[in-house]
Each structure stands twice: as structure tokens, then as C-alpha cells.
Amino acid sequence: MLGSGLSNQTGAALGALAFPVIGPVGVVAVRQYVAAAVLSAVARPGLRSLTGRQWRPVLLLALVFGTMNLSLYTAVDRVGLGLAVTLEFVGPLALALAGARRRLDACCALVAAAGVVTLMRPRPSADFLGMGLGLLAAACWASYILLNRTIGERIPGARGAAAAAVVSAGLFLPVGVAVAVVRPPTVGALGYAVAAGVLSSAVPYLADLVTLRRVPAQAFGLFMSVNPVLAALVGLVVLEQRLGVAEWAGIGAVVGANAASAAGVAIRKK
């Protein structure tokens, strides 16, 4: 689980190193191609065998997948890795708390909201567009979870996710060509973008498949809470993005709220 989290955030940081050459759009396009190649090899989507009822959520997931990555990487470019990932993390947290009826969950929601307000507080250096894109990524992540549930009910195995990745890569194909023409990539930038695709898509996907066979889902969800912290640390080491005390407090509030909620669910099920 630690390797998966570190791989995901390191991949995003390496992708950010290619932003000056091909921009976030170019990096996301390459990431989509890599994700499609890996998932197709592992799951073999069989696009021709899908029915109309199966295609509808697959197409929606493809749009959400591309929008989520594009909004997240653009947010990383504007507000930094730690802040962008923390705001994105609000999506699954809000989804988990939405139907909750416990007092603990109500408290967690208030703590998480306080963390988000702290991160988005008005100040001279605030980039509200970048933070808004982080919240858009959060909404996409919540939609991604819901759509995956629907696809899991209609398509066996990982074929649905693989099909969505292939469609998303196809949508980004003209985007990648346009970026290559307008902003020709260097070998280094292309290498960083490919590394982002491998480390942020292929490695976490395969690592999570192995992990979920050995670790209860509740423990897995609890450990996911550390991802914003990992993102902030990787951003500091790789990108030299330093956060202030208030930013760390906001990240801590979001992480703590998710950890408390996940731990409460695990205890209740026991």
C-alpha cells in the first residue's frame, strides 16, 4: 500500500517536471495512452462484445477519467502537488460521509470542511482557479467511484475499466497530436510523461490488485488517508514545493477526518 501511494504521487511529481515543455495537457495525454496500454494488456476489454447497456457507463467513465486527470494535473501546475491532491481527496471522503448517520461522521465532515476552508482561505497568493480545478478533480473522483460500481455490476472483471481507459486514450489522441505540433516534446519531457503514466497508472493498479487480496477493504481505505501527506512530502522533495503551517493544518484536517471515518466503519463492522 505504501509503495502504491508513493508510486502514484512520485509519478505525478515527475509529470510536473514536463509541464514547462508540453504542459499539463500533454502529460495527461501520455498518461492516458499508458493507462490504456496497461489495462488492455491486463484485462482485454473486448470492445466489440459490449452491449449498449454496458457502453453507457463506460463512455461516462472515459469522460470522467480524462477530466479528472486533466483537472488534477492543471491544479498541480497552479497550486502544487500537496494542495491539489488534498482537494481531490475531498471527493471520495464526501462520498463516504454523504450517507452516514453517525455523530462521528458528522464531526468528520465538519473537520474536513474546516480543512478545506483553511486551504482555500483568501490571501494574496491564492490561486482560486487552481483550487477550483482541484475540487473539480474531487467531483470527478467521486463520480469515478460511482461509475465503477455500476460498471462492476454490468461487466465482469476489469474489462469495463479497461474499455473506459481505451476510449479516454482515443479522445486524447488528437489532443496529443496537437500538443506535439504546437509544443514539440523533448526526450526528457516525454520520458517524464511516460514515467508519470507508468508510476501513476500501471504500478498503483497492479499493486492494488495484489494488496486487496491480502488486506481488508476497510484497512485499505484507512491507509489511503495518507496520500495527501505523501503528495505533500513528494512535492517537497521532488518539486521543492514548501507548504506553510496553515496548509499542513488543512491537510491534517482532511486526512484525520478520513482516517477517523474509515476507522469507525471498520470498528462498527467488527
Side-chain angles (χ1 to χ4, degrees), residues 5 8-20 23-28 64 66-100 103-145 196 200 224-262:
N8 195 4
Q9 306 310 330
T10 301
L14 292 177
L17 295 176
F19 288 170
V25 176
V27 173
V28 171
V64 166
T67 304
M68 179 174 66
N69 287 331
L70 185 57
S71 56
L72 174 63
Y73 275 56
T74 306
V76 170
D77 187 36
R78 300 182 69 96
V79 300
L81 183 61
L83 178 53
V85 170
T86 302
L87 291 174
E88 184 197 32
F89 201 76
V90 172
L93 174 58
L95 191 63
L97 296 175
R103 291 182 179 179
L104 173 62
D105 293 311
C107 293
C108 290
L110 290 174
V111 171
V116 172
V117 170
T118 300
L119 293 172
M120 299 187 68
R121 70 194 187 284
R123 56 192 186 279
S125 60
D127 188 328
F128 291 106
L129 176 58
M131 290 187 282
L133 289 169
L135 292 178
L136 175 60
C140 288
W141 194 357
S143 301
Y144 178 85
I145 293 170
S200 294
M224 279 189 65
S225 303
V226 306
N227 271 283
V229 176
L230 293 177
L233 293 175
V234 170
L236 174 63
V237 174
V238 179
L239 303 175
E240 298 183 352
Q241 296 173 344
R242 300 182 181 277
L243 299 175
V245 175
E247 284 73 22
W248 277 111
I251 291 174
V254 173
V255 168
N258 186 78
S261 178

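Computed from a predicted model, the values in this text were never measured in an experiment.
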Can you tell me how far [atom2] of [Y] sits from [atom1] of [X], rounded to the nearest 0.5 angstrom?
X    : Y    : atom1 : atom2 : value
D105 : L110 : CG    : CG    : 11.0 Å
C108 : L93  : SG    : CG    : 8.0 Å
L243 : L236 : CG    : CG    : 8.0 Å
T86  : M131 : OG1   : CE    : 12.5 Å

Hey, can you pull the donor-acceptor pairs under 3.5 Å for the side chains in residues 78-85, sequence neighbours left out?
unit_1: R78; atom_1: NE; unit_2: D127; atom_2: OD1; d: 3.2
unit_1: R78; atom_1: NE; unit_2: D127; atom_2: OD2; d: 3.0
unit_1: R78; atom_1: NH2; unit_2: D127; atom_2: OD1; d: 3.4
unit_1: R78; atom_1: NH2; unit_2: D127; atom_2: OD2; d: 3.3

Do any pairs count as a salt bridge (charged side-chain N to carboxylate O under 4.0 Å, His left out) and have a residue in residues 136-145, sequence neighbours left out, and if so which ones?
-> none
With F89 via ring-ring contact (aromatic ring centres under 6.0 Å, His included) - residues at least two apart |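 Per chain and number, F89 pairs via ring-ring contact (aromatic ring centres under 6.0 Å, His included) with W141.
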For [X] versus [Y], what's the shortest heavy-atom pair and its separation?
X    : Y    : answer
G130 : A75  : O-CB, 3.4 Å
A142 : L95  : O-CD2, 3.8 Å
Y73  : A196 : OH-CB, 4.2 Å
C140 : T67  : SG-CG2, 3.6 Å

Do L87 and M120 touch side chain to side chain, with heavy atoms closer than 4.5 Å?
->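 When only atoms from C-beta onward are counted, M120 and L87 do touch, with a gap below 4.5 Å.
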Would you check if Y144 and P92 make a side-chain contact, meaning some heavy-atom pair closer than 4.5 Å?
->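 No, too far: nothing below the 4.5 Å cut-off.
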Verify the neighbour count for atom CZ of R123: are there more than 12 heavy atoms of other residues, nucleotides or ligands below 6.0 Å?
->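 Count over threshold, so yes.
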Counterpart residues, side-chain contact (heavy atoms from CB on, under 4.5 Å), relative to A16 (two or more places apart) = F19, V76, L239
Residue list, side-chain contact (heavy atoms from CB on, under 4.5 Å) with S143, at least two apart or on another chain =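 Counting only residues at least two positions away or on another chain, S143 forms a side-chain contact (heavy atoms from CB on, under 4.5 Å) with V64.
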Check: residues 244-256 side-chain donor-acceptor pairs under 3.5 Å, at least two apart:
unit_1: E247; atom_1: OE1; unit_2: G244; atom_2: N; d: 3.1
unit_1: E247; atom_1: OE2; unit_2: R121; atom_2: NH1; d: 3.4
unit_1: E247; atom_1: OE2; unit_2: R121; atom_2: NH2; d: 3.3

